[in-house]
Protein chains: 2
Amino acid sequence: MACDATVLAEVKMCSSNYVMAVNDTMNVISGKWKLPIIGSLLYGKKRFKELERDIAKITPRMLSKELKDLEMNSIVKRTVHNTIPVTVEYELTDSGRRFKNVLDVMVEWGLEHRQDVMSEITGGK
Amino acid sequence: MACDATVLAEVKMCSSNYVMAVNDTMNVISGKWKLPIIGSLLYGKKRFKELERDIAKITPRMLSKELKDLEMNSIVKRTVHNTIPVTVEYELTDSGRRFKNVLDVMVEWGLEHRQDVMSEITGGK
DNA sequence: TATACCAGTATACTTTAGTATAGTAGTTAC
DNA sequence: GTAACTACTATACTAAAGTATACTGGTATA
């Protein structure tokens, strides 16, 4: 089979490709604020100021920068409306919405892991 | 229902808890080298030098630091063997092995996302 | 005319993450 | 005795990420 993965099942057998694909995903969501932003946008379209209010302690500089990153990576779509004054709406792309699958298993693993660590400490067999 | 999540399904309904659990997961795997280390250990126990050889360009300083982090977070178990000279083995804990579920969906999403972006560029409908 | 909202940008700074390079203590092989 | 292996640690540095603070240009409201 070697390492010429073309099918998902095969990729998963191949260490280097596996790590590469995961790193791809990691790069897209790297940084302190990308997940909060995606999390917020999962609940629907938002405007810049709405996101700023939604996400505690984020500065407009970081919000602007992270939104640009997410837009470049086709996770978020930016739409400017010809209203007065202009309003700008951010929403998830298909890929962005599909990322919820990743978040779901992250939540699951996170919770299970916490339980694991807790039961180790309390000695609960 | 408010925000007093006790069941997974309920947590997923609650934005702030959702984000918190995901951040937990992110913190555990943050950094440039944790995923390569976990990826390598998914293929079985490894000694320090084996990991160092396995993971291209990692320095012993970073490997040591990241292994300590992973150990503290109960992702990796460190065992010292009374051989001469001493050998030290690193292996994944149950939690660590269960993390493969997360990696799997990351690989899946990463590949799908790449296809998405590609088909956008080439204009394939 | 002053204040406030929107969607950001600019500049300077601090903090964190990662790298480079060398060295430790113990053991074995030549 | 010197070179090499194991499992690291120490020191000093660079680079990347994030923060703080202020400001822009346009519009609307009191």
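Numbered from 1 within each chain, the chains take letters A, B, ... in sequence-line order.
The CE-C1' distance, from B/M26 to D/dA17, rounds to 14 Å in whole Å. Separating the NZ atom of A/K49 from the C1' atom of C/dT9 is a distance of 13 Å, rounded to the nearest angstrom. Straight-line distance from the NZ atom of B/K34 to the C1' atom of C/dT16: 12 Å, rounded to whole Å. One interatomic measurement links the two molecules: CZ of A/R78 to P of C/dC6, which rounds to 16 Å at whole-angstrom precision. Between the CG atom of A/D54 and the C1' atom of C/dA7 there is a distance of 16 Å, rounded to whole Å. In this structure, B/I37 places its CD1 atom 15 Å from P of D/dA7, rounding to the nearest Å. Between A/K45 atom NZ and C/dA7 atom P the separation is 14 Å, expressed in whole Å. Rounding to whole angstrom units, CG of residue B/N82 and C1' of C/dT27 are separated by 15 Å.
Under a hydrophobic clustering in which Ile, Leu, Val, Met, Phe, Trp and Tyr are joined whenever their side-chain heavy atoms come within less than 4.5 Å, directly or via other members, B/V28 and B/M72 fall into different clusters.
A heavy atom closer than 4.0 Å to some atom of DNA chain D occurs in A/R61, A/M62, these being the qualifying members of residues 56-76 of chain A.
Closest to the side chain of A/W33, out of C/dA7, D/dA7, D/dG18, is D/dG18. The side chain of A/I84 lies closest to D/dT27, out of C/dC6, D/dT27, D/dT6.
Within the 4.0 angstrom heavy-atom criterion, only backbone atoms of the sugar-phosphate kind lie near B/K32; the bases stay farther away.
Listed pair B/R53 / D/dA7 fails the phosphate criterion, with no side-chain N or O lying under 4.0 Å from OP1 or OP2.
Rounding to the nearest 0.5 angstrom, the gap separating the CG atom in A/D54 from the CG atom in A/L63 is 10.0 Å.
The side-chain hydrogen bond (donor to acceptor under 3.5 Å, both in side chains) search around B/R114 returns A/D24, not counting sequence neighbours.
Taking 4.0 Å as the cut-off between side-chain N and carboxylate O, A/R98 and B/E112 count as a salt-bridged pair. Salt bridge status for B/K34 with B/E66: present, with a side-chain N to carboxylate O gap under 4.0 Å.
With hydrogens and angles disregarded, no donor-acceptor distance shorter than 3.5 Å links the side chain of B/K77 to the backbone of B/Y90.
Contact of the A/F99 side chain with the A/L35 side chain is registered, since non-hydrogen atoms from C-beta on lie closer than 4.5 Å.
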